[in-house]
Amino acid sequence: MSDKNKKSKGQVVNRADLANINGVSLPTIDDWVRRGCPVIQRGARGRAWQFNTAEVRNWRDDDIRAQAVEAGPATKDELILRKLRAETEQAELDLSKARNELVPVDQFDRAMTKAFGEVRAGFRNVLPSRAARRLIGESDETKMKEVLIDEVDQILLVLSDSDLIHETDLEIEDDEEDGDEGADSE
């Protein structure tokens, strides 16, 4: 009995779960379906898509093998085009760096951590004391919700008027530039 004739168990999942399981986006799942991915039930208004994970896995394995065979060895012209494409992408990247349009990921991460820290501090330090003063003696749930929403809106308004990320947070530090140059020269 061949692998294709075996009854696969798998799980029945919807489109979002299938995307999660495979670590891909929903548009990728849509592309797979257009290319022949097995579907138990197509989604429609009020009806979720259904896929069997084992059947999809088998189809993906076959699809990956087929794509590898189709790719085959590249011709000289294809290799020249790939090299030109890579050189162009590198030139565009270098230009973006020269224009200071790029920031190293770790530096951006630090700046975002700082910004979210300020947001968190705004909520933790301001909201409880201000809301508590306005809610003392209040028993109407609707009024409590209004006060809390108003306080949250006030904090967000103040935060929107301030620069959570400053240009200095995104400037490339000298030691990072030196580290990059050292890596290139090795």
Side-chain angles (χ1 to χ4, degrees), residues 8-57 59-60 89 92-93 95-177 179-180:
S8 45
K9 294 193 180 210
Q11 293 178 317
V12 175
V13 297
N14 65 25
R15 202 167 138 259
D17 290 339
L18 184 66
N20 255 350
I21 289 167
N22 286 282
V24 298
S25 66
L26 290 174
T28 298
I29 298 298
D30 296 339
D31 180 56
W32 289 359
V33 169
R34 279 190 295 279
R35 292 188 1 241
C37 177
V39 176
I40 295 173
Q41 171 180 292
R42 290 189 173 268
R45 186 170 272 194
R47 190 175 68 194
W49 284 84
Q50 290 184 349
F51 299 88
N52 178 292
T53 55
E55 290 174 8
V56 172
R57 179 77 259 150
W59 175 84
R60 275 294 289 147
E89 287 176 10
E92 290 170 349
L93 180 62
L95 179 61
S96 293
K97 283 181 183 177
R99 291 179 174 167
N100 290 323
E101 295 172 340
L102 299 176
V103 175
V105 172
D106 61 332
Q107 197 167 342
F108 179 76
D109 185 45
R110 284 193 304 268
M112 291 303 296
T113 299
K114 180 182 171 197
F116 282 110
E118 290 182 32
V119 171
R120 181 176 186 262
F123 279 98
R124 292 185 60 111
N125 298 337
V126 176
L127 182 65
S129 60
R130 286 180 46 124
R133 281 188 298 238
R134 291 180 61 188
L135 292 172
I136 290 177
E138 186 62 61
S139 59
D140 180 16
E141 183 180 342
T142 303
K143 176 69 174 163
M144 288 180 191
K145 288 178 182 178
E146 288 173 5
V147 167
L148 289 173
I149 288 171
D150 182 54
E151 289 299 329
V152 166
D153 288 345
Q154 289 298 317
I155 291 169
L156 291 173
L157 182 64
V158 168
L159 289 170
S160 71
D161 288 339
S162 64
D163 290 331
L164 296 178
I165 298 177
H166 303 282
E167 256 186 62
T168 56
D169 295 332
L170 299 175
E171 289 176 354
I172 297 177
E173 298 163 4
D174 289 337
D175 61 331
E176 288 181 20
E177 286 179 349
D180 288 345

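Just so you know, these numbers use all the heavy atoms, side chains as well, and skip hydrogens, waters and symmetry mates.
- Here the closest non-hydrogen pair linking E151 and R130 is OE1-NE, 2.6 Å.
- Between the side chain of R15 and the backbone N or O of A48 there is no donor-acceptor pair closer than 3.5 Å.
- Scanning all heavy atoms of the two residues, the minimum distance from K9 to N52 falls at O-ND2, 2.7 Å.
- Of all heavy-atom pairs spanning P27 and R34, the tightest one is O-NH2, 4.4 Å.
- The two residues L148 and A131 come nearest to each other via the heavy atoms CD2-CB, 3.8 Å.
- Listed here is the closest heavy atom pair of A16 and L26: CA-CD2, 3.8 Å.
- Residues V39 and F51 meet the side-chain proximity criterion, which asks for heavy atoms closer than 4.5 Å.
- Side-chain N or O atoms of T53 include one that pairs as donor or acceptor with a backbone N or O of Q11 at under 3.5 Å.
- If you take CZ on R35 and CZ on R60, they are separated by 6.5 Å, rounding to the nearest 0.5 Å.
- For the pair D150 and R134, the minimum side-chain heavy-atom distance is below 4.5 Å.
- Proximity of W49 to L18: side-chain heavy atoms (C-beta onward) are nowhere separated by under 4.5 Å.
- When side chains are defined from C-beta on, R42 counts as touching V33, because their heavy atoms get closer than 4.5 Å.
- Atom CG in N14 sits 11.5 Å away from atom CD1 in I40 (nearest 0.5 Å).
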Item checked: Residues L157, D153; criterion side chain to side chain contact (heavy atoms under 4.5 Å, CB included); working and verdict -> CA-CA 6 Å; L157 182 64; D153 288 345; over 6 Å; no
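- For the pair C37 and V56, the tightest heavy-atom approach, listed with the atom from each and the gap, is SG-CG2, 3.7 Å.
- With rounding to the nearest 0.5 Å, the separation of CG in L135 from NZ in K145 is 13.0 Å.
- Remark: of the listed residues D17, V13, V12, V12 is the sole one forming a side chain to side chain contact (heavy atoms under 4.5 Å, CB included) with Q50.
- Around atom CZ of R124, no more than 12 heavy atoms belonging to other residues, nucleotides or ligands sit under 6.0 Å away.
- To the nearest 0.5 Å, the span separating CZ on R57 from CD1 on I21 amounts to 11.0 Å.
- The environment of CZ in F123 is crowded: more than 12 heavy-atom neighbours from other residues, nucleotides or ligands sit within 6.0 Å.
- Counting only heavy atoms from C-beta outward, the side chains of L156 and V152 approach each other to under 4.5 Å.
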